[in-house]
Amino acid sequence: QVQLKESGGGSVESGGSLSLSCAVSGVMYATFCMGWFRQAPGKKREAVATIASHGATRYADSVKGRFTISQDDTRNTLSLQMNNLKPEDTALYHCAAAWPGPCGVEVLQSTTGGVWGQGTQVTVSS
């Protein structure tokens with residue numbers, strides 16, 4: 001059974017940095033997509049970044065140049081480095097894996113498939 005567990009959230013001032021990690025276990029095939037999405041209270045889910053098995057990455061326009069998604073060689077750890085954080089980045093951040101269809105933020109934005117973690121809170125104060 002696939003399991004995802006996020007860590008690394010917290011509180012930071014505007015302009016600061018945080019690094020999120022997601023421990024991935026139980027995925028039985030190699031060519032799956034992984035990514036991060038976030039959801040703030042009263043707002044729609046926003047896909048933030050995705051990474052394919054071969055390493056290709058995609059980002060939402062709102063985080064391009066500030067966030068970096070990466071994975072380790074075993075694909076057991078997914079990371080999100082977040083720099084120059086803004087108050088509008090405040091949200092519950094979830095990692096996701098193995099959803100059906102192409103690997104991209106547009107797909108993660110709307111999919112109901114795959115496996116999602118419980119989330120880790122990121123709060124950015126102005």
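Values reported hereafter were calculated over all heavy atoms of this structure, with side chains retained and with hydrogens, waters and symmetry mates removed.
Looking at residues two or more places apart in sequence or on another chain, you find a side chain to side chain donor-acceptor pair (under 3.5 Å) between Asn83 and Ser17, Gln81. For Lys64, the side chain to side chain donor-acceptor pair (under 3.5 Å) criterion is met by Asp61, not counting sequence neighbours. Residues passing the side chain to side chain donor-acceptor pair (under 3.5 Å) test with Thr112, sequence neighbours excluded: none. Applying the side chain to side chain contact (heavy atoms under 4.5 Å, CB included) criterion to Gln3, with sequence neighbours excluded, gives Ser25. With sequence neighbours left out, Ser125 forms a side chain to side chain contact (heavy atoms under 4.5 Å, CB included) with Glu13. Scored by the side chain to side chain contact (heavy atoms under 4.5 Å, CB included) test, Pro102 finds Val107 as partners (sequence neighbours excluded). When the side chain to side chain contact (heavy atoms under 4.5 Å, CB included) test is applied to Ser110, no partner is found at least two apart in sequence or on another chain. A search for salt bridge (Lys or Arg N to Asp or Glu O under 4.0 Å) contacts involving Arg45 returns nothing, not counting sequence neighbours. Residues that satisfy the ring-ring contact (aromatic ring centres under 6.0 Å, His included) test with Phe37, not counting sequence neighbours, are His94, Trp116. Residues meeting the side chain to side chain donor-acceptor pair (under 3.5 Å) test with Glu6, sequence neighbours left out: none. Applying the salt bridge (Lys or Arg N to Asp or Glu O under 4.0 Å) test to Arg58 and every residue at least two apart in sequence or in another chain returns nothing.
Checked by atom type and distance alone, the side chain of Gln71 pairs as donor or acceptor with a backbone atom of Ala52 at under 3.5 Å. The closest donor-acceptor contact from the side chain of Asn84 to the backbone of Arg66 lies at 3.5 Å or more, if one exists at all. Formation of a donor-acceptor pair under 3.5 Å by the Thr111 side chain with backbone atoms of Leu108 is not found in this model.
Ser126 and Ser14 get closest at one heavy-atom pair: CA-CB, 4.2 Å. Shortest non-hydrogen contact noted between Ala49 and Leu80 is CB-CD1, 4.4 Å. Listed here is the closest heavy atom pair of Met34 and Ile69: O-CD1, 4.2 Å. Smallest separation of non-hydrogen atoms from Pro100 and Gly114: CD-N, 3.9 Å. The heavy-atom pair separating Ala47 from Val105 by the smallest distance is CB-O, 3.3 Å. Contact between Leu18 and Leu85 at its shortest, heavy atoms only, is N-CD1, 3.8 Å.
Remark: Leu92 CG to Thr123 OG1 distance equals 9.5 Å, nearest 0.5 Å. To the nearest 0.5 Å, atom CG of residue Leu20 and atom OG of residue Ser7 are 8.0 Å apart.
Within the 4.5 Å cutoff, the side chain of Val124 has no heavy atoms near those of the Glu88 side chain. At a threshold of 4.5 Å between non-hydrogen side-chain atoms, the residues Met82 and Val122 count as touching.
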key: Test log, rule side chain to side chain contact (heavy atoms under 4.5 Å, CB included), inputs Glu46 and Val63   = CA-CA 11 Å; Glu46 181 185 16; Val63 306; 5.5 Å; no
Pair Leu4-Gln118, side chain to side chain contact (heavy atoms under 4.5 Å, CB included): steps then yes or no = CA-CA 8 Å; Leu4 305 176; Gln118 291 297 307; over 6 Å; no
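Applying the ring pair (Phe, Tyr, Trp, His ring centres under 6.0 Å) test to residues at least two apart or on different chains, none of the pairs has a partner in residues 45-78.
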